[in-house]
Each structure stands twice: as structure tokens, then as C-alpha cells.
2 protein chains.
Amino acid sequence: MPTVSSEELAAAAGVNSAKLRKDFSYLGSYGTRGVGYDVEYLVYQISRELGLTQDWPVVIVGIGNLGAALANYGGFASRGFRVAALIDADPALTGRAVAGIPVQHTDDLEKIIQDNGVSIGVIATPAGAAQQVCDRLVAAGVTSILNFAPTVLSVPDGVDVRKVDLSIELQILAFHEQRKAGEEAATPDGGGPAAVARKESADKGPDGDVPAVMPA
Amino acid sequence: MPTVSSEELAAAAGVNSAKLRKDFSYLGSYGTRGVGYDVEYLVYQISRELGLTQDWPVVIVGIGNLGAALANYGGFASRGFRVAALIDADPALTGRAVAGIPVQHTDDLEKIIQDNGVSIGVIATPAGAAQQVCDRLVAAGVTSILNFAPTVLSVPDGVDVRKVDLSIELQILAFHEQRKAGEEAATPDGGGPAAVARKESADKGPDGDVPAVMPA
DNA sequence: TGTTGTGAAAGAGTTCACAGCA
DNA sequence: TGCTGTGAACTCTTTCACAACA
């Protein structure tokens with residue numbers, strides 16, 4: 001299949017074809033009227049725009065279960081990410097290989113970052129160690145941090161941080177689950193702070209359906 | 001601090017106070033004019049709306065590094081989730097405890113789901129096993145699935161699936177990192193599919209800044 | 001002819017601004 | 001007086017619909 005139409009792609013993605021065409025148009029005019037989009041060319045252009053055509057060396061700090069899971073995760077390589085080093089504070093782990101990569105000690109963090117030209121760091125340490133690790137990564141030249149530790153990191157301007165909360169998606173499922181369960185039954189309450197009366201009439205949004213605060 | 005104003009909360013969250021008030025208003029009229037919101041009452045109402053006041057038993061299937069990391073994750077308990085069981089297909093793991101919870105064999109999956117009244121399942125298996133596990137979970141009565149396996153699951157109507165891709169956040173960081181690096185340098189290209197000329201003028205969106213396809 | 005690329009219209013989401021009330 | 005709750009205005013996003021064109 002050398003070419004594909006916006007209609008086909010939109011059906012596959014479950015979105016409106018006009019939206020898809022407009023989104024693509026922000027990247028450039030890569031389609032051919034009457035024909036569609038050249039698949040190979042489109043894939044390349046999107047890959048390039050997203051940075052998939054570059055090699056991104058990353059370090060993972062904190063090689064517990066989560067760090068090890070990330071080191072073994074297959075999805076990184078195909079998106080241009082290369083795990084350049086694994087770092088942990090536990091001397092017992094130093095030298096041991098995880099996913100074929102030797103774990104190095106935190107003492108050498110700065111040297112590892114500089115030797116490998118790393119600009120993206122992944123923090124998978126316990127919450128207590130995260131800020132300190134973050135500070136050292138930033139001082140060593142890292143400008144983007146992916147934080148799996150359950151704590152908010154503070155960083156200087158110019159450094160990007162994204163926090164991954166493994167329970168937030170579960171939270172969203174539970175929210176919908178709750179709605180499924182309570183479709184006819186009365187609102188489950190169970191008490192709550194005494195003293196203050198609940199206003200029954202105002203519990204739901206004006207459309208009487210899904211409160212507007214939750215992703216669909 | 002017994003009460004808090006929308007202005008204070010908005011500043012803390014980095015949003016507009018009117019937006020915050022309007023969002024709260026969809027849950028009900030829980031504030032007091034001239035005073036603000038009673039903190040305890042507000043926390044309770046939001047918790048209840050989000051389902052945090054309920055007990056949600058979940059099972060985790062696939063106790064590799066990721067499954068173990070999830071079983072150990074502290075953030076679940078505080079949000080009303082209780083890991084009711086760990087399930088793995090490897091007989092060598094059966095009976096071993098992870099995070100204090102014994103691993104059970106996949107053979108008993110249906111019985112485990114039913115005995116514990118589980119409606120939310122977490123899949124942390126390799127991609128190849130995910131659909132099969134999913135089918136069995138659904139058949140046993142699970143109606144919400146959190147999928148960490150790098151594969152798209154198909155489920156019947158009425159079952160919710162959410163997919164977590166551990167590399168997507170890294171992708172977003174790399175995208176911004178690329179922009180930081182290329183702020184003045186020419187667009188890094190490096191070839192690409194031959195034969196087709198790139199239209200230099202159209203590479204960026206009409207605002208000449210961030211293409212509209214990436215979260216800020 | 002068939003499909004893109006895109007102005008214009010419609011729809012959602014956000015912010016303003018102020019009446020209403022404690 | 002001070003802060004909420006909310007209609008109205010504004011802004012951003014999505015969809016429609018069709019001219020342009022390979």
C-alpha cells in the first residue's frame with residue numbers, strides 16, 4: 001500500500017478526516033490531491049517532526065523494579081531512545097547487568113552524563129532521593145527529566161520535567177467504574193464530615209451526566 | 001487552615017481562579033460567599049466524586065519487573081486501590097511473595113476474580129500474552145482494564161481499556177529537547193526517502209512556533 | 001475523478017466581570 | 001466587605017464544505 005487517504009487514516013484512528021488533514025497541514029503539504037499521502041514519505045516526515053530520527057541517549061537512575069522494567073522496555077529503541085547508562089546508589093548493584101547494561105554507581109553520575117552527551121534523564125528512585133538526583137542531573141547538563149518518583153521536583157528555568165503517576169490511569173478507570181455501578185442506585189455516600197449538610201440537588205453537573213472534570 | 005479561597009487554590013495549581021470555581025460548581029455549591037471553601041468538606045466531596053472513598057480491589061497479571069513495581073507502588077493504597085491478588089503464568093513464581101502478597105497461578109484467574117469481587121484488572125504481561133489474559137479477565141467479570149503491554153487490546157462493549165505507554169512521555173520530552181537544540185540551527189534533516197523534495201516553507205505551523213500537534 | 005488543503009461555521013473550553021449572598 | 005457562582009464574551013478547537021488541482 002504505497003499511499004493512504006485521510007479518510008482511511010481517520011477511520012483507523014477513530015477521528016474526523018478533516019481534523020487529520022488540518023493537523024497534517026501544520027507540518028506541511030505532504031499529500032497529493034486526488035491520491036492521498038505517500039506512506040513512506042509521511043511516516044518519515046512525522047518521525048522527523050517528533051524527533052524519532054534522532055538518537056537520544058538517556059540515563060535511568062534508580063534500578064529497582066521500575067528502573068529494571070524501564071531498562072528492559074522494548075518500546076524505547078524503536079523511538080530513537082538508547083539507554084546509555086543505568087545508575088544506582090546501592091554498591092551491591094554496581095557492575096551487575098540489567099537488560100545487558102551494567103549498573104554504575106551514583107558517584108560517577110556527572111562523568112557518565114558528560115561522557116555520553118546525555119540530555120534526558122529518567123528518575124526511578126524512591127521519593128526521598130529524587131530531588132537530590134534531579135539536582136545532580138541538572139548540574140551535570142541534563143535539560144529534560146522524566147520523573148517516576150511520587151514527588152514534585154523543582155528545577156531551574158529551561159529544564160523540562162514530566163511526572164508519570166502510575167495510579168492516575170487507574171483512577172480514571174475507577175471513576176468510570178463508579179458511574180457504571182451507580183447508574184440506577186442512589187449515590188453512594190457513607191457519611192463524610194459530619195456537621196455539613198450535602199446539597200443533593202447539586203451533586204452532578206448541569207447536563208446531569210458526566211461531570212466535566214474527567215477525561216472521557 | 002480551615003478554609004481556602006478559589007484564588008489561593010488557583011495560584012497553587014497554576015490556573016485561573018474563575019476556571020477553578022466553575023469546575024467546582026459542576027460538583028455542587030460547596031463554597032461560602034465571602035469566606036471560601038471549607039477544606040475538609042471540599043476534600044471529602046472531591047474524593048467521593050473521584051471514587052477515592054470506595055475500596056477498589058484490583059488484580060495485577062504478569063509479575064515481571066513492571067508487575068512487581070506496581071505491586072510495590074505506594075500510591076495505590078492512598079487512592080482507594082487494594083491489590084487483591086498477583087497472578088503469573090510462571091509456576092516458579094507461584095507461592096512466592098511480592099510486596100507481601102503471594103503470587104498465584106494463571107490457572108486460578110477466574111476463581112480469584114470472582115472470590116474477590118474484582119472489577120479492575122492490570123495487565124503487565126509481555127505483549128504476546130496480553131490479549132489472552134484480557135479475554136479471560138473480561139469473561140470472569142472484569143469491566144475495566146489498565147494495559148501496560150505494548151499492544152492494542154480488543155474488548156466487548158461496556159469494558160473500558162486504558163493503555164499506558166511508558167515511552168510516550170519520553171517522546172514528549174525529546175520533542176521539546178529537539179526544539180531547544182534547533183532554536184537557531186537549521187532544521188536537522190539527514191536525508192530521508194529520496195525522490196521527494198521537501199517543501200522548506202511549510203515545515204512549521206502558521207504561527208511559526210510550536211506545531212499544534214504536541215502537548216505543551 | 002478523487003482527495004487534499006483550508007476558509008468559514010459550529011462547538012467547546014476559558015476568562016471576564018459582576019450580581020448575590022454570608 | 002469579600003468571595004462565590006455564573007451569564008456573557010472571548011478564544012481555541014473541531015467540523016463542514018468546497019475550490020484547487022494531480
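Letters go in sequence order (proteins before strands), and every chain restarts at 1. What's counted below: heavy atoms across the whole structure, side chains too, no hydrogens, waters or symmetry copies. Just so it is clear, the structure is predicted and the values come from calculations on it, not from any experiment.
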Does B:Gln114, at its CD atom, have more than 12 non-hydrogen atoms belonging to other residues, nucleotides or ligands within less than 6.0 Å? yes

Could you verify whether a donor N or O on one side chain and an acceptor N or O on the other, from B:Tyr44 and B:Glu40, lie under 3.5 Å apart? no

Name the residue from A:Asp160, A:Val138, A:Val133 that meets the side-chain contact (heavy atoms from CB on, under 4.5 Å) definition with A:Ile145. A:Val138

Out of C:dG5, D:dT6, D:dC16, minimum distance to the side chain of A:Ala18 belongs to D:dC16

So, does A:Lys19 get its side chain near the phosphate of D:dT14, meaning an N or O under 4.0 Å from OP1 or OP2? yes

Carefully, step by step, assess B:Glu177 and A:Thr143 under the rule side chain to side chain donor-acceptor pair (under 3.5 Å). CA-CA 8 Å; B:Glu177 195 65 32; A:Thr143 49; 2.5 Å; yes

In terms of side-chain geometry, is the basic nitrogen of A:Asp165 or B:Arg79 positioned less than 4.0 Å from the acidic oxygen of its partner? yes

Please list, for nucleotides 19-22 of chain D, all pairs of protein and nucleotide N/O atoms separated by less than 3.5 Å.
from, atom 1, to, atom 2, distance (Å)
D:dA20, N3, A:Arg33, NH1, 2.9

Between A:Ser6 and A:Arg21, is there a side-chain donor-acceptor contact under 3.5 Å, judged purely by atom types and distance? yes

For the atom pair CG (B:Leu70) and CG (B:Asn65), what is the distance rounded to the nearest 0.5 Å? 11.0 Å

Given B:Leu86, B:Leu137, B:Val83, the one that forms side-chain contact (heavy atoms from CB on, under 4.5 Å) with B:Val59: B:Leu137

OP1, OP2 of D:dG5 versus side-chain N and O of B:Tyr37: anything below 4.0 Å? yes

Within residues 3-15 of chain A: residues closer than 4.0 Å to DNA chain D (heavy atoms): none

Using only modelled atom types and a 3.5 angstrom limit, is any donor from either the side chain of A:Lys22 or the base of D:dT14 paired with an acceptor on the other? no

